[in-house]
Amino acid sequence: MSEIVNKENENLSSAINSLKKGQAKMDEIIKRYRPPLNGERYLTDKETSERLKISRRTLQEYRTIGKVPYILLGGKILYKENDLLRLLEENYCPVFSK
């Protein structure tokens with residue numbers, strides 16, 4: 001019980017490392033956080049293509065043929081997150097059981 005606590009102590013070192021990892025994760029979350037506008041989140045072209053796992057060129061083609069709704073604002077294209085979720089739900093193909 002009379003152990004001296006210093007930075008060479010394994011428990012203290014482990015706790016400090018855990019705190020540093022937690023701080024790094026929090027920094028990443030804060031960096032990526034975008035508050036919703038009137039309850040709606042808007043995604044950029046890059047974010048949308050990453051989430052849908054498609055190329056940005058494919059996403060552009062989807063816009064051209066009217067497959068994906070979007071907003072063009074001052075040369076920047078934005079997508080409503082809820083529109084994308086609805087689009088995915090509408091195109092969902094359930095598994096047929098035999």
Side-chain angles (χ1 to χ4, degrees):
M1 280 292 172
S2 61
E3 182 180 339
I4 297 175
V5 179
N6 58 30
K7 58 184 175 180
E8 284 82 29
N9 181 287
E10 284 184 41
N11 291 334
L12 181 60
S13 179
S14 176
I16 290 172
N17 286 335
S18 293
L19 287 171
K20 286 180 181 178
K21 287 178 185 177
Q23 181 65 47
K25 287 181 183 179
M26 286 300 294
D27 289 344
E28 185 64 28
I29 290 169
I30 290 168
K31 179 179 148 188
R32 291 177 179 245
Y33 177 72
R34 290 191 175 159
L37 296 172
N38 200 23
E40 182 70 59
R41 292 188 191 276
Y42 295 88
L43 303 173
T44 65
D45 204 50
K46 182 180 178 191
E47 291 169 328
T48 302
S49 65
E50 287 173 355
R51 288 193 183 188
L52 295 177
K53 307 290 190 251
I54 59 174
S55 70
R56 293 173 80 178
R57 178 66 182 102
T58 299
L59 187 57
Q60 179 184 349
E61 183 64 26
Y62 287 173
R63 283 193 315 267
T64 302
I65 63 175
K67 196 172 197 174
V68 175
Y70 64 95
I71 298 166
L72 179 59
L73 182 64
K76 181 131 179 135
I77 296 173
L78 299 172
Y79 303 87
K80 285 184 177 182
E81 187 175 50
N82 284 336
D83 284 347
L84 297 172
L85 292 172
R86 185 174 20 83
L87 183 67
L88 290 174
E89 287 295 323
E90 289 170 357
N91 288 285
Y92 179 73
C93 298
V95 175
F96 296 106
S97 59
K98 293 182 180 183

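The shortest side-chain heavy-atom distance between Tyr70 and Asp83 does not fall under the 4.5 Å cut-off. Residues Thr48 and Leu59 meet the side-chain proximity criterion, which asks for heavy atoms closer than 4.5 Å. Put simply, the side chain of Glu81 does not reach to within 4.5 Å of the side chain of Tyr42, judged on heavy atoms. The shortest distance between side-chain heavy atoms of Leu84 and Leu88 does not fall below 4.5 Å. You'll find the side chain of Val68 reaches within 4.5 Å of the side chain of Tyr79, heavy atoms only.
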Anything under 3.5 Å between a donor and an acceptor, one on a side chain of residues 17-26, the other on a protein residue two or more places apart or in another chain? List them.
residue, atom, partner, partner atom, Å
Asn17, ND2, Ser13, O, 3.4
Ser18, OG, Ser14, O, 3.2
Gln23, NE2, Asp27, OD1, 2.8

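Other residues, nucleotides and ligands contribute more than 12 heavy atoms inside 6.0 Å of the CG atom of Leu72.
Rounded to the nearest 0.5 angstrom, Leu78 CG and Arg41 CZ are separated by 14.0 Å. In this structure, CD1 on Ile71 lies 5.5 Å from NZ on Lys80, to the nearest 0.5 angstrom. The line from OG of Ser49 to CZ of Arg57 is 13.0 Å long, rounded to the nearest 0.5 Å.
Qualifying side-chain contact (heavy atoms from CB on, under 4.5 Å) partners for Glu50, counting only residues two or more places apart in sequence or in other chains: Lys46.
For the pair Glu90 (side chain) and Leu87 (backbone), a donor-acceptor distance under 3.5 Å is absent.
Among residue pairs with one or both ends in residues 62-77, those qualifying as salt bridge (Lys or Arg N to Asp or Glu O under 4.0 Å) are Asp45-Arg63; sequence neighbours excluded.
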